[in-house]
Amino acid sequence: HRQRTMEEPEGVGAHVGDFHGDEEIIEVLELNDTDPEPDDLANDIEDVDFEDAADGAEFADDEEWETEDEGVEEGMDAQDDSEVTFSKHTASVFCVSLDPQQSALAVTGGEDDKAFVWRLSDGELLFECSGHKDSVTCAVFSHDSTMVATGDMSGLIKVWSVDTKQEIWSFEVGDLEWRSEEH
């Protein structure tokens with residue numbers, strides 16, 4: 001702990017500055033009479049990692065920061081502990097829901113304009129919810145797990161029967177207008 005000098009009022013923090021390249025890193029320290037608890041210390045820790053720029057040049061706006069997988073050595077693959085992998089989507093997955101009756105089925109929707117219903121135990125595809133016009137951002141089972149509803153960014157909503165694997169209803173909202181109602 002740093003001792004407070006006569007000029008510093010009690011309870012006021014001090015700052016310690018370091019330079020990294022052209023940037024100054026400032027750390028604010030709280031000065032108080034009690035030692036911090038372990039939880040307090042954990043909340044205050046921030047991990048910042050800088051890479052040296054070539055010849056002291058600043059990072060370009062479009063240059064990305066590189067991150068490393070914690071605990072994985074360079075050149076080694078990260079350990080995959082998953083029991084089942086479902087890989088039918090060809091782009092990002094935006095939503096997932098489990099059937100509420102047995103938690104045996106999942107429905108996923110994604111950026112590839114598709115939703116899939118599949119079995120959790122082995123990852124087997126049961127059926128594809130096709131015909132969406134944009135990214136599927138909502139996919140959910142009914143309360144009794146007999147139906148699946150899917151919705152996409154264009155406003156198209158579809159309902160599917162889990163037993164027959166067929167579309168049973170659809171509705172197109174069309175252009176949405178967001179507005180605020182004042183009461």
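For clarity, every value in this text was computed on a predicted model and none was experimentally measured.
Here salt bridge (charged side-chain N to carboxylate O under 4.0 Å, His left out) pairs that include residues 147-161, with residues two or more places apart or in two chains, are Lys158-Glu167. The salt bridge (charged side-chain N to carboxylate O under 4.0 Å, His left out) analysis of residues 124-142, with sequence neighbours excluded, yields the pairs Arg119-Glu124, Lys133-Glu172. Within the structure, the salt bridge (charged side-chain N to carboxylate O under 4.0 Å, His left out) test picks out no pair touching residues 85-108 (sequence neighbours left out). Counting only residues at least two apart or in different chains, ring-ring contact (aromatic ring centres under 6.0 Å, His included) contacts with residues 100-120 comprise Phe86-Phe116, Phe86-Trp118, His89-Phe116.
Val173 and Val159 end up in the same hydrophobic cluster when Ile, Leu, Val, Met, Phe, Trp and Tyr side chains are linked at under 4.5 Å. Criterion: ILVMFWY side-chain heavy atoms under 4.5 Å apart, direct or through other members. Under it, Phe171 and Met147 are part of a common hydrophobic cluster.
The shortest side-chain heavy-atom distance between Ser161 and Ile168 falls under the 4.5 Å cut-off. Contact annotation: the side chain of Thr150 never approaches that of Ile157 to less than 4.5 Å [non-hydrogen atoms, C-beta and beyond]. Inter-residue side-chain proximity for Ser135 and Asp113 is flagged as met; some heavy-atom pair is nearer than 4.5 Å.
Leu156 belongs to no hydrophobic cluster, as no Ile, Leu, Val, Met, Phe, Trp or Tyr side chain comes under 4.5 Å of its own. Residue Phe127 belongs to a hydrophobic cluster whose other members are Leu105, Val107, Val117, Leu126, Phe141, Val148, Trp160, Val162, with links defined by side-chain heavy atoms closer than 4.5 Å.
Between Gly109 and Ala139, the shortest heavy-atom distance links the atoms N-CB, 4.4 Å.
Atoms OG and CD, on Ser145 and Gln102 in that order, are 7.5 Å from each other to the nearest 0.5 Å. Separating the CG atom in Leu98 from the OG1 atom in Thr108 is a distance of 10.5 Å, to the nearest 0.5 Å. Atom-to-atom distance recorded for Thr137:OG1 and His132:NE2 is 9.0 Å, nearest 0.5 angstrom.
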